[in-house]
Number of protein chains: 2
Amino acid sequence: MVTLEDVARHAGVSLATASRVLNGSTRQVGASLRAKVEQAAQQLGYRTNVAAQTLARGASNVIGLVVHDLTDPYFAALADGAMRVAEDRGMMVMVATTHRDPEREIAYVATLNAQRVRAVLLSGSRIADPAVTRRLREELDRYRQTGGRVACVGQSLLGTDTVAPGNAEGAADLARALAGLGHRRFAVLAGPPWLLTAQDRVSGFAGALAELGLPAPQLVHGTFDRDGGYSAAAEVTDATCVFAVNDVMAVGALASFRERGIRVPEDVSVAGFDDIATLRDLVPALTTVRLPLPDMGARALEMALDETGESAEPRTERMAGRVVLRESTRPL
Amino acid sequence: MVTLEDVARHAGVSLATASRVLNGSTRQVGASLRAKVEQAAQQLGYRTNVAAQTLARGASNVIGLVVHDLTDPYFAALADGAMRVAEDRGMMVMVATTHRDPEREIAYVATLNAQRVRAVLLSGSRIADPAVTRRLREELDRYRQTGGRVACVGQSLLGTDTVAPGNAEGAADLARALAGLGHRRFAVLAGPPWLLTAQDRVSGFAGALAELGLPAPQLVHGTFDRDGGYSAAAEVTDATCVFAVNDVMAVGALASFRERGIRVPEDVSVAGFDDIATLRDLVPALTTVRLPLPDMGARALEMALDETGESAEPRTERMAGRVVLRESTRPL
DNA sequence: CTGTTAGCGCATTCAG
DNA sequence: CTGAATGCGCTAACAG
């Protein structure tokens, strides 16, 4: 293993000088020595030992990203946005997947703390469990007390900077647009009752219907994934329009209707939420609420890294969704 | 920042004892001291400084994963499989995305080397550029000379353990199945000429047709993504069956045909490759070659981490694909 | 079973 | 501008 010391010796300079030329120091080094060091490093195939550097500097160049599931395009898009920012700043990204297990989320925050990552990004919905939220928050506080920076994408109840998608507002806009198409009887494939993101979308949707004086939608709970949409769709009894609280669930719903010979949108309209890029070529094209997923991931990391937020109040930045009407919904 | 020394002092024991109970040592520690240390660590909110640990141990608990694009479900599935193995072994994963830039791939290997990751996983197709391949290989060799472990998913031309998908064989099987349906005139949406994965699939497909005495397919090159499939499909002139060399391209092709009023499979059959899970609900359901993506990612990491492969010859493990006939292709 | 001690590789004062 | 020396937090002999 080639060390800085090897390089220094090979170049006939001191350790300090080698360090200064090879790793971004503000200090200047004479051109001739600089050249010697660079050449020696090159010849020997020197690679900085980041662990040693981190230890000496007391700060790493790694950021931690906690997501539920990388194969869910929602998180992949968020991660992609965050990673672009990380790359721009020369940082590496450590990714942890919780598979929706809150315990694992807490454990990973502890692990990332141990890794002394520069910042932690928590993405994905919070859940309605005060005990879990409290423990997660404790772990985050511990991390922040020693200089760790945190940002979330989702609900802002962790006392951190957060990027908050306009779930309720977007769902309300969607409800109004759908009502504008003439629909009156709705069903909502509502996801798990304890998932705050799902809750927000359901309540935004239902709230808007209520304001319009329309009957309350039928609520069918289930998992937040494709299969959850598939199963829940089977229980819809009497609706002209079905709102699945995310696109992936809507895909499941479409499959369910198709298998049962129920045509979309002729027999029933279907809408989703998120506007997942991979699903844009679906037939029928999905009416949905577009969220700027990559931007959200990018912005969250920027907030976490942003120096000005040092000791200030946690900031919440709302990212509005925009209704996109497509072929899966039709006027009544 | 709470250090091991703080914990030791607080518990009234030596640094070594604290280290032994808190971090997986084989050495035993008496129950009473153990309890004291654990309590002290708990009270103080101690978190191991992994950088220091890595430096002292000379080995990290992180693995590096290099992919082209996380939002491509192919890589997301591979990453997911690899991350499951990593989690089982208590390792963290550092992810780097190259966005198909070979230079970045090389640079990331260097960076991951600097991080002293335990192993590097290279996923995604190699390209037909000897100069780039050589430089990547040099960088990998440098990493391996100091104990780094490497595995690839794709072509085995880097002298590393590799998981090789049965691209040619799968494509050949597909060609035979399609010919069995009565098709004679084929087109292949072939992706970029320099992408080896694309090449393998094209040649496997064309080879099988030749063996059957059928005319050579029309080859249309383009990018390896959705838009590549979309554009290439427009140039297909005279075929009853179109083979897109991956599912994501097939989605683009379906969109192209749909927009032009060409019905699939009534007017033309379409097949893909990979069997991406997120796309299983497509209409019409896509005929494709199923690759066990998560298993491939998992297996690759296992090979890299596997001790027995220490100094032996690089192993190549083939993962066969299985033809899945669905509705996007029909008998002629 | 427990404590003492010498590095791991690098950044960074502080002198020169 | 350059070099010598100190310490970052932890592990792993080694000694007791």
Side-chain angles (χ1 to χ4, degrees), chain A residues 1-38 40-41 44-62 111 113-118 146-148, chain B residues 1-38 40-41 44-62 110-111 113-118 143 146-148:
Chain A
M1 185 70 66
V2 182
T3 71
L4 232 205
E5 193 173 349
D6 297 332
V7 175
R9 188 174 18 241
H10 198 81
V13 303
S14 72
L15 221 197
T17 298
S19 170
R20 293 195 266 254
V21 348
L22 260 17
N23 305 334
S25 166
T26 51
R27 308 287 301 273
Q28 292 303 309
V29 171
S32 75
L33 286 194
R34 165 175 298 275
K36 277 189 193 168
V37 172
E38 278 166 349
L44 269 40
Y46 170 72
R47 290 288 172 270
T48 302
N49 182 327
V50 177
Q53 194 169 279
T54 298
L55 183 57
R57 287 218 254 249
S60 81
N61 250 321
V62 176
T111 301
N113 186 349
Q115 299 277 352
R116 297 299 188 270
V117 295
R118 258 284 231 331
T146 56
Chain B
M1 185 69 64
V2 182
T3 72
L4 231 206
E5 193 172 349
D6 297 332
V7 175
R9 190 173 17 241
H10 198 81
V13 303
S14 72
L15 222 200
T17 297
S19 169
R20 292 196 268 253
V21 350
L22 260 17
N23 305 333
S25 165
T26 50
R27 309 288 300 270
Q28 291 304 309
V29 172
S32 75
L33 287 193
R34 164 175 299 275
K36 275 188 193 168
V37 171
E38 279 166 348
L44 269 40
Y46 171 72
R47 289 286 173 271
T48 303
N49 182 327
V50 177
Q53 194 169 272
T54 298
L55 183 56
R57 287 217 253 249
S60 82
N61 251 318
V62 177
T111 302
N113 185 350
Q115 299 278 351
R116 298 297 188 271
V117 295
R118 255 286 227 336
Y143 170 58
T146 56

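Since the model is a prediction, treat every value here as computed from it, not as a measurement. To find a chain, count down the sequence lines: A is the first, B the second, and so on, and within it residues start at 1.
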It should be established whether A/T17 places a side-chain nitrogen or oxygen under 4.0 Å from OP1 or OP2 of nucleotide D/dG3.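 Looking at the OP1 and OP2 atoms of D/dG3, one of them is under 4.0 Å from a side-chain N or O of A/T17.
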Need one value for A/G58: base, sugar-phosphate or nothing, where a base atom within 4.0 Å counts as base even if backbone is also close, heavy atoms only.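 The answer is nothing, as A/G58 stays clear of every strand by at least 4.0 Å.
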Name all residues meeting the salt bridge (charged side-chain N to carboxylate O under 4.0 Å, His left out) criterion together with B/E38; count only those two or more places apart in sequence or in a different chain, and write none if there are none.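 Partners of B/E38 under the salt bridge (charged side-chain N to carboxylate O under 4.0 Å, His left out) test: B/R34.
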Any A/Q115 side-chain heavy atom under 4.5 Å of B/V62 side chain: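 A/Q115 reaches B/V62 side chain to side chain.
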To check you understand the geometry: which heavy-atom pair defines the closest contact between [X] and [Y], and what is its length?
X     : Y     : answer
B/T54 : A/A51 : CG2-CB, 3.7 Å
B/V2  : B/L44 : CG2-O, 3.3 Å
A/A18 : A/V37 : CA-CG1, 4.0 Å
B/L55 : A/A52 : CD1-CB, 3.8 Å

What are the atom names and distances for every N/O pair under 3.5 Å that joins the protein to nucleotides 8-11 of chain C?
| from | atom 1 | to | atom 2 | distance (Å) |
| --- | --- | --- | --- | --- |
| C/dC8 | O2 | B/A56 | N | 3.4 |
| C/dG9 | N2 | A/A52 | O | 3.4 |
| C/dC10 | OP1 | A/Y46 | OH | 2.4 |
| C/dC10 | OP1 | A/N49 | N | 3.3 |
| C/dC10 | OP2 | A/L4 | N | 2.3 |
| C/dA11 | OP1 | A/N23 | ND2 | 2.7 |
| C/dA11 | OP1 | A/Q53 | OE1 | 2.8 |
| C/dA11 | OP2 | A/S19 | OG | 2.6 |
| C/dA11 | OP2 | A/N23 | ND2 | 2.8 |

Compute the bend angle of the helix from C/dC1-D/dG16 to C/dG16-D/dC1 from the end axes (five pairs per end), rounded to 10°.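 Overall, the helix from C/dC1-D/dG16 to C/dG16-D/dC1 bends by 30° from one end axis to the other.
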Where the side chain of A/Y46 meets the backbone of A/D6, is there a donor-acceptor pair that is under 3.5 Å apart?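 It does not hold such a pair.
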Sub-3.5 Å donor-acceptor pair from the side chain of A/R116 to the main-chain atoms of B/T48, do we have one?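 Yes; at least one donor-acceptor contact below 3.5 Å.
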